[in-house]
Enquirer: 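Submitted below is the structure of interest, expressed as structure tokens.
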Amino acid sequence: MPELPEVETVCRGLENNIIGKKIASVFISDKKLRLPFPKNFSTDLKNKTIISVKRRARYIIIELDKELNILVHLGMTGKIIYQTKTPTPSLHDHCLISFSDKTSIIYNDPRRFGLIDLVKTSEIKNHKMLKNLGPEPLSKEFNAKYLQSKLENKQMNIKTAMMDNEIVVGVGNIYINESLFQSGISPLKAAGSLELNQLENLIINIKKILKKAIELGGSTLRDYVNLHGDVGGFQFNFAVYGRTGQKCIVCDGIIKKIKQNGRSSFYCPKCQH
DNA sequence: CACTCTCCCTGAAAGC
DNA sequence: TGCTTTCAGGGAGAGT
């Protein structure tokens with residue numbers, strides 16, 4: 001499941017491989033992703049050149065010439081695969097962009113939770129999916145004072161609050177579970193009840209974990225983009241995620257699994273308070 | 001306004 | 001073994 005580090009990895013891979021290339025042809029499937037493909041998608045893209053690849057939250061923004069941008073969200077199961085030979089669309093391939101040098105990128109997404117849209121440069125900031133997003137987790141803007149101001153008086157549990165994209169973007173289920181564990185904070189704790197130093201600690205751990213994951217993702221970047229379309233050697237050793245019933249790695253507590261707002265939370269009841 | 005629930009979707013895994 | 005059920009989860013929008 002692509003969380004922010006994976007999206008960042010994909011962006012860097014695209015940056016290294018498709019900048020300056022000219023789009024020769026575009027194929028789209030007849031199935032719709034979270035939203036249908038924009039009208040005239042294929043014809044609008046034809047003969048455009050890739051200028052840059054950027055990321056905002058978990059969205060990939062592929063900038064083209066003529067003030068046009070492809071907005072991509074990988075959802076749960078979306079993948080972008082770069083190929084140097086002419087591909088034929090296979091199962092769950094929903095968008096295939098071929099360049100004039102015969103290379104291509106393929107968007108594959110079995111569950112179709114992903115999203116592909118076309119946005120004018122002047123309209124990016126006001127795009128429905130982007131306009132209400134909070135700060136990037138690795139930015140200076142995401143600090144304890146800021147977080148305290150957003151969480152004060154909130155009764156909602158801290159875990160759910162941290163997954164709210166208006167508070168901070170790109171902190172998915174796995175990473176918030178791990179970050180709360182590293183911070184010794186129970187996912188059940190009311191968001192507004194945390195002390196400033198606890199928030200500081202939580203933020204440090206979120207940044208640390210995300211950075212580490214990006215580093216690991218980055219190290220296998222070449223494989224990811226060019227060969228298999230999956231993250232090969234990228235392994236994160238989770239302390240709590242998916243470890244229901246197993247022993248805590250720091251005390252003799254047993255990892256517990258609960259549901260919060262329809263999402264699984266994993267924590268050690270003995271060392272997270 | 002604050003918060004929770006539902007839905008979208010397929011495939012892997014668990015249950016029977 | 002094979003069928004059925006559950007679960008996974010990002011994010012918008014509906015519901016309370």
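All heavy atoms count here, side chains included; hydrogens, waters and symmetry mates do not. Proteins come first, then strands; the chains are lettered A, B, ... in the order of their sequence lines, and each starts at number 1. For clarity, every value in this text was computed on a predicted model and none was experimentally measured.
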Enquirer: Would you please confirm or rule out a distance under 4.0 Å between OP1 or OP2 of C/dC7 and any side-chain N or O of A/K257?
Expert: no
Enquirer: Hey, does A/D109 reach any base, or is it just sugar-phosphate, or nothing, if we go heavy atoms under 4.0 Å?
Expert: nothing
Enquirer: Under 3.5 Å, side chain of A/R112 to main-chain N/O of A/K32, donor-acceptor pair present?
Expert: yes
Enquirer: Separation of A/I258 atom CD1 from C/dC7 atom C1', in whole Å?
Expert: 17 Å
Enquirer: Compile the donor-acceptor pairs under 3.5 Å between side chains in residues 164-171 of chain A and protein atoms, sequence neighbours left out, one pair per line.
Expert:
unit_1: A/D164; atom_1: OD1; unit_2: A/E166; atom_2: N; d: 2.8

Enquirer: Using only side-chain N and O atoms of A/R58, determine if any of them is under 4.0 Å from OP1 or OP2 of C/dG11.
Expert: yes
Enquirer: Determine if A/F113 stacks with C/dG10; use a centre-to-centre distance below 5.5 Å and an interplanar angle below 30° as the criteria.
Expert: yes
Enquirer: Base, sugar-phosphate, or nothing: which does A/K32 touch, judged by heavy atoms less than 4.0 Å apart?
Expert: nothing
Enquirer: Check step by step if salt bridge (Lys or Arg N to Asp or Glu O under 4.0 Å) holds for A/K211 and A/E215.
Expert: CA-CA 6 Å; A/K211 275 183 192 164; A/E215 259 172 51; over 6 Å; no
Enquirer: Under the 4.5 Å side-chain heavy-atom rule for ILVMFWY, direct or indirect, which residues accompany A/I51?
Expert: none
Enquirer: When the distance from NE2 of A/H94 to P of B/dC8 is rounded to whole Å, what number comes out?
Expert: 17 Å
Enquirer: Pairs under 3.5 angstrom, nitrogen or oxygen only, protein versus nucleotides 13-16 of chain C, please.
Expert:
unit_1: C/dG13; atom_1: OP1; unit_2: A/K128; atom_2: NZ; d: 3.4

Enquirer: In whole angstroms, how far is the P atom of C/dG11 from the CG atom of A/L115?
Expert: 10 Å
Enquirer: Please name all residues satisfying side-chain hydrogen bond (donor to acceptor under 3.5 Å, both in side chains) with A/K102, sequence neighbours left out, ordered by chain then number.
Expert: none
Enquirer: Give the minimum heavy-atom separation between A/N126 and A/K131, together with the two atoms involved.
Expert: O-CD, 3.9 Å
Enquirer: What's A/S264 touching, base or sugar-phosphate or nothing? Going by heavy atoms closer than 4.0 Å.
Expert: sugar-phosphate
Enquirer: What pairs of nitrogen or oxygen atoms, one from the protein and one from nucleotides 1-3 of chain B, lie under 3.5 Å apart?
Expert:
unit_1: B/dC3; atom_1: OP1; unit_2: A/Q155; atom_2: N; d: 2.9
unit_1: B/dC3; atom_1: OP2; unit_2: A/K154; atom_2: NZ; d: 3.0

Enquirer: Could you report the tightest heavy-atom contact between A/A213 and A/Y175, atom names first, then the distance?
Expert: CB-OH, 3.4 Å
Enquirer: Return the value, rounded to whole Å, for the distance between atom CZ of A/R34 and atom P of C/dG10.
Expert: 11 Å
Enquirer: If the condition is side-chain hydrogen bond (donor to acceptor under 3.5 Å, both in side chains), which residues does A/K22 pass it with, not counting sequence neighbours?
Expert: none
Enquirer: Walk me through whether A/D252 and A/K247 qualify under salt bridge (Lys or Arg N to Asp or Glu O under 4.0 Å).
Expert: CA-CA 6 Å; A/D252 60 356; A/K247 235 179 122 183; over 6 Å; no
Enquirer: Using five pairs at either end of the helix from B/dA2-C/dT16 to B/dC16-C/dG2, determine the angle between the two local helix axes and round it to 10 degrees.
Expert: 60°
Enquirer: Report all side-chain donor-acceptor pairs from residues 183-201 of chain A shorter than 3.5 Å, counting only partners two or more places apart or in another chain.
Expert:
unit_1: A/S183; atom_1: OG; unit_2: A/S179; atom_2: O; d: 2.7
unit_1: A/S183; atom_1: OG; unit_2: A/N205; atom_2: ND2; d: 2.9
unit_1: A/S186; atom_1: OG; unit_2: A/L188; atom_2: N; d: 3.1
unit_1: A/S193; atom_1: OG; unit_2: A/A190; atom_2: O; d: 2.7
unit_1: A/Q198; atom_1: OE1; unit_2: A/E195; atom_2: N; d: 2.9
unit_1: A/N201; atom_1: OD1; unit_2: A/N205; atom_2: ND2; d: 3.4

Enquirer: Return the value, rounded to whole Å, for the distance between atom CG of A/L130 and atom P of C/dA12.
Expert: 9 Å
Enquirer: Rounded to the Å, how far apart are A/D117 CG and C/dG11 P?
Expert: 15 Å
Enquirer: Could you work out, with ring-ring contact (aromatic ring centres under 6.0 Å, His included) as the rule, every residue matching A/F41, not counting sequence neighbours?
Expert: A/F37
Enquirer: Could you state the atom-to-atom distance from CZ of A/R263 to P of B/dC7 in whole Å?
Expert: 13 Å
Enquirer: Could you list the residues that satisfy side-chain hydrogen bond (donor to acceptor under 3.5 Å, both in side chains) with A/K256, not counting sequence neighbours?
Expert: none
Enquirer: Do nucleotides 10-16 of chain B as a string where each nucleotide becomes B, S or -: B if the base has a protein heavy atom under 4.0 Å, S if just the sugar-phosphate does, - if no protein is that close.
Expert: BS-----
Enquirer: Measure the spacing between OG1 of A/T160 and CZ of A/R263 and express it to the nearest 0.5 Å.
Expert: 10.0 Å
Enquirer: When the distance from CE of A/M163 to P of C/dA8 is rounded to whole Å, what number comes out?
Expert: 12 Å
Enquirer: Name each donor-acceptor pair under 3.5 Å that joins a side chain in residues 88-100 of chain A to protein atoms two or more places apart or in another chain, with its distance.
Expert:
unit_1: A/S90; atom_1: OG; unit_2: A/D93; atom_2: OD2; d: 3.2
unit_1: A/D93; atom_1: OD1; unit_2: A/N108; atom_2: ND2; d: 2.7
unit_1: A/D93; atom_1: OD2; unit_2: A/S90; atom_2: N; d: 2.8
unit_1: A/H94; atom_1: ND1; unit_2: A/S29; atom_2: OG; d: 3.0
unit_1: A/H94; atom_1: NE2; unit_2: A/H92; atom_2: O; d: 3.3
unit_1: A/H94; atom_1: NE2; unit_2: A/D109; atom_2: O; d: 2.8

